[in-house]
J.: 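This is the structure I want to talk about, given as structure tokens.
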Amino acid sequence: ETGVTQSPTHLIKTRGQQVTLRCSSQSGHNTVSWYQQALGQGPQFIFQYYREEENGRGNFPPRFSGLQFPNYSSELNVNALELDDSALYLCASSPGGAGDQETQYFGPGTRLLVL
Amino acid sequence: SQELEQSPQSLIVQEGKNLTINCTSSKTLYGLYWYKQKYGEGLIFLMMLQKGGEEKSHEKITAKLDEKKQQSSLHITASQPSHAGIYLCGADAAGANNLFFGTGTRLTVIP
């Protein structure tokens, strides 16, 4: 148990729709990162939030956006879903500030299927 | 850009056997993490290595980071079915607290 939870566990959407995925970090963790893991691949970094501000972004288009809230929860929003967005979406939280090398603790993931 | 290559891609061993998984980086590693993942689930943190030559152990799993900090190995002694899963090495992107990962090694342990 990492103390990081995600909802929903599974989701099916159709192409063009929008989706919101949710994550609840460990209490006291100020940094949350989101990753996309396609089948058979390692996770790929989408973006990171620190104290409610975006703090780094991977190679993902603007239709991937996020929010972080003061209560250690966060959201990943994806607009205009494409078939290739089908993947396991993972959030990870870590205790401290931007730039620190800290262990990230992962949630169980949300599996998204886009038809 | 920096990449992580894991070998082997998959491994099938008999219960009780030892095994080693390797992770090689194209550039110097600032922090190297080992995670385990059961199919379709989240990542479970195993160990983090930062210093060249560092070695850490937890139960029957030992991880090492070589002196040049470009290669790490994960060794499991006397494997058990509970060790089965996908092992991922991840590394800190330089100057940032986000990780990039290898493609993973799928371990199957036959009872």
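Each chain gets a letter, A, B and so on, in the order its sequence line appears, and its residues count up from 1. Remember, predicted model here, so these are calculated numbers, not experimental data.
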J.: Output the distance between atom CG (B/L32) and atom SG (B/C23), rounded to the nearest 0.5 Å.
T.: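 One gets 5.0 Å once the value is rounded to the nearest 0.5 Å.
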J.: Report the distance from atom CD of A/Q6 to atom OG of A/S73, rounding to the nearest 0.5 Å.
T.: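 Atom-to-atom, A/Q6:CD and A/S73:OG are 12.5 Å apart.
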J.: What's the spacing between B/Y33 OH and B/Q50 CD if we round to 0.5 Å?
T.: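 Answer for the OH-CD pair, B/Y33 versus B/Q50, is 6.0 Å.
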J.: Quick one: which residue pairs count as a salt bridge (charged side-chain N to carboxylate O under 4.0 Å, His left out) with a foot in residues 22-41 of chain A, not counting sequence neighbours?
T.: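 For residues 22-41 of chain A, and leaving out neighbouring residues, the salt bridge (charged side-chain N to carboxylate O under 4.0 Å, His left out) pairs sorted by first residue read A/R22-A/E75.
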J.: So which residues of residues 53-61 of chain B are in contact with chain A at a heavy-atom cut-off of under 4.5 Å?
T.: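 Within residues 53-61 of chain B, no residue comes under 4.5 Å from chain A.
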J.: Identify which one of B/L43, B/I21, B/I44 satisfies the side chain to side chain contact (heavy atoms under 4.5 Å, CB included) criterion when paired with B/W34.
T.: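 Result for side chain to side chain contact (heavy atoms under 4.5 Å, CB included) with B/W34: B/I21.
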J.: Is any side-chain N of the basic residue among A/E82 and A/R63 closer than 4.0 Å to the acidic one's carboxylate O?
T.: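 Between A/R63 and A/E82 there is a salt bridge, with a charged N closer than 4.0 Å to a carboxylate O.
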J.: Which answer fits A/Q41, side chain, backbone, both or neither, if we ask what part of it has an atom under 4.5 Å from a heavy atom of chain B?
T.: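 Contact with chain B is through both the backbone and side chain of A/Q41.
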J.: Should B/Q71 and B/D66 be marked as a side-chain hydrogen bond (donor to acceptor under 3.5 Å, both in side chains) after you check the CA-CA gap, both sets of side-chain angles, and the distance that decides it?
T.: CA-CA 6 Å; B/Q71 187 169 31; B/D66 77 351; over 6 Å; no
J.: Please look at B/L88 and chain A and tell me whether the side chain, the backbone, both or neither of the residue comes under 4.5 angstrom of a heavy atom of that chain.
T.: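 Only the side chain of B/L88 comes within 4.5 Å of chain A.
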J.: So for B/Q9, is it side chain, backbone, both, or neither that comes closer than 4.5 Å to the heavy atoms of chain A?
T.: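 Interface part for B/Q9: neither.
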